[in-house]
Amino acid sequence: MSRIQYPSNIRIVRVPCSGRVNPFFIIKSLLRGWDGVVVSGCHPGDCHYVSGNLVARRRFAILQDLLNLFGIEPDRVTFMWSSASEGDRFANLIKKVTKNIKRLGPNKKFESTW
Amino acid sequence: MSENVNKYIKRKVYKKTSSRIAQKFVDAGLQEIRACINCGTCTGSCPSGRRTAYRTRSAIRRALTGDESVLKDIDIWLCSTCYYCYERCPRNIPVTDMIIKLRNIAVEEGYILDSHFVLANNIFYATGHGVPATGENNKKWRDLRESYGLPPLPPTVHSYPEAVKECQELMKAVGFKKLMDNAAKLKEERAKAEKKDKEE
Amino acid sequence: MSEDYKWHYGFFLGCVIPNRYPMIEASIRSVFDHLGAEMLDLPGASCCPAPGVFRAFHIPTWLVIAARNISIAEEIGVNPITGCNGCYGTLRDAWYELEHEYELKKEVNEYLAKIGRTYKGNLEPKHVVQALYLDMGLDHLKDYIKFTFSDLKIAVHYGCHIVKPSDKRPWDGEYEVPRFLDEIVELTGAKSVDYKDKYMCCGAGGAVRTAVKEVAADFTREKLMNIREVGADIIINCCPFCHLQLDLGQVEVNNFYADIIGEPFNIPVIYITQLLGVAFGMDPNLLGLIKNHELTGVSPFISIDPFLNIIKNQLI
Amino acid sequence: MTEAKKELEKVKKEIVVTGNEKPQVGVYVCDCGINIAGVVSVPDLVKYAETLPDVAVAREYKFFCSDTGQNIIKEDIQSGLINRVVVAACSPRMHEPTFRLVCKEAGLNQFLFEQANIREHSTWVHMKDPEGAFEAAKDLIKMSVAKARELKPLEVKTVSIEPACLIIGGGIAGMNSALDLATEGYKVYLVERTPTIGGHMAQLDKTFPTMDCSACILTPRMVDVARNENIELLTYSEVVEVTGYVGNFEATIMKKPHYVDQEACTGCGVCVDYCPVVTGNEFDLGLATRKAIYIPFPQAVPGKYTIDMDNCIKCGICAREDVCEPDAIRYDEEPEYMKVKVGTIIIATGWDLYDPTGLKQYGYGRYPNVIDGLQMERLLSSTGPLDGKPTRPSDLKAPHSIAFLQCVGSRNFREGGNQYCSRVCCMYATKQARQYKEKHPDADVYIFYMDVRAFGKGYEEFYESAGKNYGINYIRGRIAEVSEGEDHSIIIRAEDTLLQEPMELKVDMFVLSCGLESRSDAGEVASLVRVQRSSDGFFMEAHPKLRPVDTLTEGIFIAGVAQGPKDIPDSVAQAKGAASSAATLMAKGEVEMEPFFAVVRPDRCIGCGMCVENCTYGAIELIDDRHFGKIASINQALCKGCGACSGNCRCSAIDIFGFTGEQIFSIIMGGEL
Ligand SMILES: Cc1cc2nc3c(=O)[nH]c(=O)nc-3n(C[C@H](O)[C@H](O)[C@H](O)COP(=O)(O)OP(=O)(O)OC[C@H]3O[C@@H](n4cnc5c(N)ncnc54)[C@H](O)[C@@H]3O)c2cc1C
Ligand SMILES: Cc1cc2nc3c(=O)[nH]c(=O)nc-3n(C[C@H](O)[C@H](O)[C@H](O)COP(=O)(O)OP(=O)(O)OC[C@H]3O[C@@H](n4cnc5c(N)ncnc54)[C@H](O)[C@@H]3O)c2cc1C
Ligand code: SF4
Ligand code: SF4
Ligand code: SF4
Ligand code: SF4
Ligand code: SF4
Ligand code: SF4
Ligand code: SF4
Ligand code: SF4
């Protein structure tokens, strides 16, 4: 809405709520060769569906340990709060994430499975 | 020409703006300067403006609109860096930092007062102290130290000649020496030109 | 570092303290020692460099030299501490920038490498007053108080850079009406009197004193008039450059502005640790209050005898 | 519509798509004028779309949301060319309903539509990087086509709507919404937290620009609200829980104890004379006092008394027979809870005044003669503590000079400030300055401002007159600091920016024109009803231009300053808009629910019960299935489709219609499933 510019190398997948994001989606994305995954949810307490974002939060803490185990840098997965009104915050977070992921380089771990 | 022409006719029309100085601020990461709404909080806060011709907001506005005479103005050297303007600006403009940057630009273009030049070049660069205790003139200060039971020279660069060298090396590397030499050159050229103007 | 002390600092002297007001150096050293804080020397430290002057000439030079000074404290492994608002401004602002901007730190270290030094970071530069108020705390200081001076009326002068820029200072963003220095002063039983524009600048900073002494002195004139208006006996401050401006500045004000100030000024200017030391019952000789040689043309330019007289009565 | 056409509509049957036939996707890439086409090459996107699997046709058009654009899609559907629709255009928030309707009208199940947001997610946000934007748009189309191929037809469900509305907040906004809805015949529960309705408007003296007496126009409305039989007025009450969804909300309301029986109390006020406790009066902002038993102000509605138990010393005097004859005092009253069922909710909780204590340079709270704008309003008010004869706090003398400072807390990007313009303060300061001049024509009145924002009908004229007819001095400059001079006068330092000179000015009283802020508890209300707030803290509208009274939660509306700073006319206009939107919804009698429910795949579910715990709506229970044993089962009436169950199911045994695992995987894999 606010048309604040952010890097063009992200693609957005629409889900009803961050609570909908099954860890399999993330794992699948990384297997498929996406370099990083961002799950963006509403701020704690602001969830349209009451607490989906908190449910999601808990789940991803565990997921990051799991990724480590697979040898995928856990930094490739970012969980963030950003409400619909915070265009600039969203843009800044995306900038930060892109910078982080650039530092990690391309995700080629599972290239052979593509 | 009648006397009144010189007295009353000014024919000064504000013609164009330039963004040369503004761009220098932007390049230094200080683009906030462009968010100024000219509210005057900075000038109103300024203890210097209450007694001198220095006007904080106007200095910023002149820099922004490209009135380069602001660099020559001694006024910008009358800010005491008290930071009131910095603290109160409703647009979060780091005003005092802007003034400091403005002075940097002025020095770059050779606008530095003689007293400041001597302080920078002849004292700080030479001794590593802005207010030294070495030299014949300063003997009384060494005596004063002793009168309070302190060694005549403090354990600073004054007691470690190699530390002075270190500082000088750094100042050369980072371009301070060159900046000062250049400022001296520009000052001299300007003085010559002025003198010539006067003679004509 | 000695085990006998509870706190350890690297005493960054700067220029004005050691070279013009050594009594301040003496009093800080003695009072900190008395309170259980070790003051280690920072060998080869230079000018901070002064924030309003050298920073205003060339920001990179300012930053690199400041980083060098901090790196000396890092070598010893103690927080640098200064009794000067200007040094505090430089060390702390430089530290703040270097902590927050990785690229800048890298660049600075490239320069420092040329002289075989590195700036590591993390060691917060402190002010003497910050150490007294935040590290030690009023309760600790209170335990040392031996004498109080209930008749003494004090005009406290904070100066600028100890509180501003407030985002880089440890006072929770307070800059308009800070109280910490008043609270320390009031430990001595003296009254910190309010006066108009108490938090105003002394006028010396920002290269103004070097540029046009008369302008600096006009700030000072205004402060002094306000201080005299409320009948303060002495001025207490925490910065040697303010100290100089308020002390030597009185002579200049009496000279430049004789026609508008009425009576010439002669208000004793005392550094905070000198006052504290007296209240702690320490030997005035250790506090830079007694000169052992007769010297002329040196500080203090305004006699502090009235102060010594007041406290003499109290001490007896 | 002609009879013949109606017949035709009837016989036209839905194009039967079971979801199992080969997908035929139509891709429609919108130029959106230059919004999209100005950044990326739409023809190239079309060419690219044609290469994607199962794409039967791809087309470009200037505005697909226009009539002509819609018809292009309809024709393709009706000719049997396609059975899935992808529109690559703006945000689905903008036009998803439009294009679903296109499908529906063309006879295609509306859930076989997918929108690729190449405007908000690409051309707008990567405007300066056209190549990146093009790549992003390509991928977004590819992802949408991939998902479209997996779409299955769904049936919409309709639910009936309770013809009742819950309104939270009884200020001028809430009252107006309530009156409109009640007049239209809907039941209204008006919940107000204080003992009276009226809100902040009751504290104002006169109102700009017409200078109507605030109480004179407000009081009759308050009485109307109290009298209206469709309005159940619940003052001194708070909403503590809201469950359910559009059409069928259930709210729990706590009625706080008044400690005075509201039925029995006659409002005679005898108790007040006897009560020994004197305390600050919040209505007069501490400028006056009240007793522990009180009504907020004389015209309060309902005019029944309340005991402020925080201050009451329980002396028992008010309960004496000779004091309260009707025997209305109830010291042991407990809070009461009631549940109401409503179809819609309107939030009209209003505002708080910015607290200027943090701006220490202005001396508020330190110098007695520095007050805020709302206090000034009380001082000027003929019903105020000084009967409209304003004096300054330090000596209760009429000040000879007053300065106002504008934008206090507003337009301030520092921490603790509000970035927005608060919209009413320029006008209220002008109003107050004029009022003071009317009472004291020889007083000097100054207004320090940055810009005077007099944007409403009749406002500029009001401002002009302030200078011309009243001699109010406007000085352009934001005051830097003030100090106290002799006799508690205030010395102001500022720059007169138009003269470019610093100035010092001594005045007798200093008024801070503080801005409006979102309520300090707005966050709690937001979580209670599950609506979002914008970054300034006010409740967020669904669209700033086109849906300014709706929230993103269906069935919940906002009115008045709760949505953002505004004056009374705008608050009332918005309140009427909110009432009308709520009524429009309720008039339909039923709403269509998006059929995005959770479904359990019994063959995969192991009955672990994890989902039961994760569902905030209690929509899942474990049942015993004849074939599969213990499995999860979804109550579709309760399920909101949030997906929390599905996100957490280790067995991938729960799917969400519209966002199934297959659909999302196909997006991630870019169609290469
Ligand atoms: C000094 C000043 C002067 C002004 N003068 C004028 C003027 O002259 N003309 C003009 O047009 N505008 C004026 N305004 C603006 C005007 O006051 C507002 O436009 C108006 O008050 C908005 O009304 P509202 O109903 O939205 O909010 P409010 O008046 O704040 O009403 C909100 C109500 O909701 C209640 N409430 C809040 N939270 C809850 C909750 N959780 N549960 C239950 N109840 C709750 C509150 O108690 C309150 O009664 C002025 C504003 C100020 C500050
Ligand atoms: C240059 C400019 C830029 C603007 N930019 C913005 C912006 O960025 N954001 C914003 O929010 N607002 C903006 N506005 C304001 C915005 O245009 C108006 O708020 C908006 O157009 C008002 O809509 P309306 O329906 O009231 O009036 P109109 O758009 O004027 O519509 C009135 C309609 O009634 C028809 N009509 C008139 N008389 C009769 C009659 N007697 N019989 C039948 N039909 C009749 C007219 O033909 C017209 O179609 C801008 C305004 C201008 C001038
Ligand atoms: S205070 Fe800030 S916004 Fe105001 S005039 Fe000064 S620089 Fe500009
Ligand atoms: S920092 Fe300089 S410009 Fe700013 S208020 Fe202080 S003296 Fe004035
Ligand atoms: S459908 Fe969306 S993108 Fe296309 S013209 Fe309409 S608003 Fe613009
Ligand atoms: S005395 Fe009783 S009836 Fe009268 S106002 Fe008080 S509580 Fe109500
Ligand atoms: S019981 Fe409370 S309210 Fe009643 S008179 Fe006593 S103090 Fe007042
Ligand atoms: S309405 Fe006026 S005073 Fe209020 S914030 Fe806007 S400009 Fe400032
Ligand atoms: S649906 Fe999943 S989480 Fe729920 S009971 Fe079945 S297996 Fe467990
Ligand atoms: S999607 Fe699942 S968790 Fe969400 S409401 Fe429906 S059943 Fe409950």
Side-chain angles (χ1 to χ4, degrees), chain B residues 28 47-48 51-52 74 77-84 86-87 94 96 99-101 103-104 107 112-113 115-116 119-120 124 128-133 138 140-141 143-150 153-160 162-164 166-167 169-171 173-176 179-180, chain C residues 13 15-16 18-20 22-23 25-26 41-47 49-61 64-65 68 111-112 114-115 117 160-161 164-166 175 200-201 203-208 210-212 215-216 218-219 222 285 288 291-293 295-299:
Chain B
S48 180
R51 65 199 81 247
T52 68
I74 187 176
W77 294 95
L78 298 182
C79 153
S80 71
T81 66
C82 74
Y83 279 93
Y84 265 122
Y86 173 107
E87 293 290 350
T96 315
I99 302 299
I100 286 174
K101 178 71 195 166
R103 289 177 175 182
N104 269 228
V107 172
I112 179 169
L113 299 175
S115 55
H116 288 153
L119 177 63
F124 177 49
H129 267 304
V131 185
N138 290 327
K140 57 181 178 187
W141 299 113
D143 292 346
L144 184 67
R145 287 185 58 81
E146 285 192 300
S147 89
Y148 292 119
L150 298 164
L153 283 175
T156 60
V157 275
H158 275 352
S159 304
Y160 299 86
E162 69 282 3
V164 180
E166 270 184 27
C167 292
E169 204 167 312
L170 279 180
M171 283 189 253
V174 77
F176 187 68
L179 179 77
M180 285 302 140
Chain C
L13 290 167
C15 302
V16 182
N19 300 339
R20 293 296 178 273
M23 57 287 250
E25 178 180 341
D41 280 340
L42 300 180
S46 68
C47 172
V53 190
F54 302 113
R55 185 184 199 178
F57 299 153
H58 195 223
I59 294 169
T61 303
V64 169
I65 300 284
R68 176 186 173 275
Y111 287 114
L112 290 182
K114 291 187 204 291
I115 56 164
R117 292 186 180 276
C160 307
H161 297 199
K164 291 174 283 181
S166 64
Y175 71 91
M200 192 185 120
C201 175
V208 174
T210 319
V212 190
V215 171
D218 194 60
F219 282 70
E222 192 179 339
N285 277 302
K291 237 185 278 181
N292 295 317
H293 310 271
L295 287 164
T296 49
V298 295
S299 57

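All chains are named by letter (A, B, ...) in the order of the sequence lines, taking the proteins before the strands, and each is independently numbered beginning at 1.
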Ranked by heavy-atom pairs below 4.5 Å to chain C, first place among B/N104, B/V131, B/T156, B/T81 goes to B/N104

Is it the side chain or the backbone of B/L113 that comes within 4.5 Å of chain C heavy atoms, both, or neither?
side chain

Max heavy-atom pairs within cutoff under 4.5 Å with chain C, candidates B/H129, B/E162, B/E146, B/M171, goes to B/H129

Check each atom of B/V107 against the heavy atoms of chain C and say whether the ones under 4.5 Å are side chain, backbone, both or neither.
side chain

Under 4.5 Å from any heavy atom of chain C, what part of B/L150 do you find: side chain, backbone, both or neither?
side chain

In terms of relative ring orientation, are C/H161 and B/Y83 parallel, tilted or perpendicular, with 30° and 60° separating the classes?
perpendicular

Quick one: what part of C/A50 sits under 4.5 Å from any heavy atom of chain B, side chain, backbone, both or neither?
neither

Taking all atoms of both residues into account, what is the closest heavy-atom pair of C/T210 and B/S115, and its distance?
O-OG, 3.0 Å

Closest contact, heavy atoms only, B/A163 versus C/R68
CB-NH2, 3.3 Å

Would you call B/S48 and C/V208 a side-chain contact if the rule is heavy atoms closer than 4.5 Å?
no

With a 4.5 angstrom heavy-atom cut-off, could you sort out which part of B/C167 is near chain C: side chain, backbone, both or neither?
both

Go through the atoms of B/L78 and report whether side chain, backbone, both or neither lie under 4.5 Å from a heavy atom of chain C.
both

For the NZ atom on C/K114, are there more than 12 heavy atoms of other groups (residues, nucleotides or ligands in this structure) within a distance under 6.0 Å?
no

B/P132, B/S159, B/G149, B/P154: which one forms the most heavy-atom pairs within less than 4.5 Å of chain C?
B/P132

Most heavy-atom pairs under 4.5 angstrom with chain C, which of B/G128, B/G175, B/P94?
B/G128

Under 4.5 Å from any heavy atom of chain C - which part of B/E169:
side chain

Is chain B contacted by the side chain of C/T296, its backbone, both, or neither, given a heavy-atom distance below 4.5 Å?
backbone

Under 4.5 Å to a heavy atom of chain B? For C/F54 that would be side chain

Among the listed options B/H116, B/K101, B/R103, the residue most often paired with chain C at heavy-atom distances under 4.5 Å
B/H116

Let me know if C/I59 has heavy atoms under 4.5 Å from chain B in its side chain, its backbone, both or neither.
both

If one checks every heavy atom of C/D41 against chain B at 4.5 Å, the contacting part turns out to be side chain

Cut-off 4.5 Å, heavy atoms of chain B, and the answer for C/R55 is both

Note, B/M180 side chain near C/F57 side chain (heavy atom, < 4.5 Å):
yes

Would you confirm whether B/E87, through its side chain, and C/S166, through its main-chain N or O, come within 3.5 Å as a donor-acceptor pair?
yes

Identify which of B/P155, B/A173, B/A120 forms the greatest number of heavy-atom pairs closer than 4.5 Å to chain C.
B/P155

Max heavy-atom pair count under 4.5 Å with chain B, selected residue of C/A216, C/G203, C/A204, C/C201:
C/C201

Can you say whether C/V215 sits under 4.5 Å from chain B via the side chain, the backbone, both, or neither, judging by heavy atoms?
both

Ring-face cation contact, C/F219 with B/R51, 6.0 Å cut, 45° max
yes

Quick one: is the NZ or CZ of C/K164 closer than 6.0 Å to the six-membered ring centre of B/Y86, and within 45° of its axis?
no

Heavy-atom proximity to chain C below 4.5 Å, by part of B/L153
neither

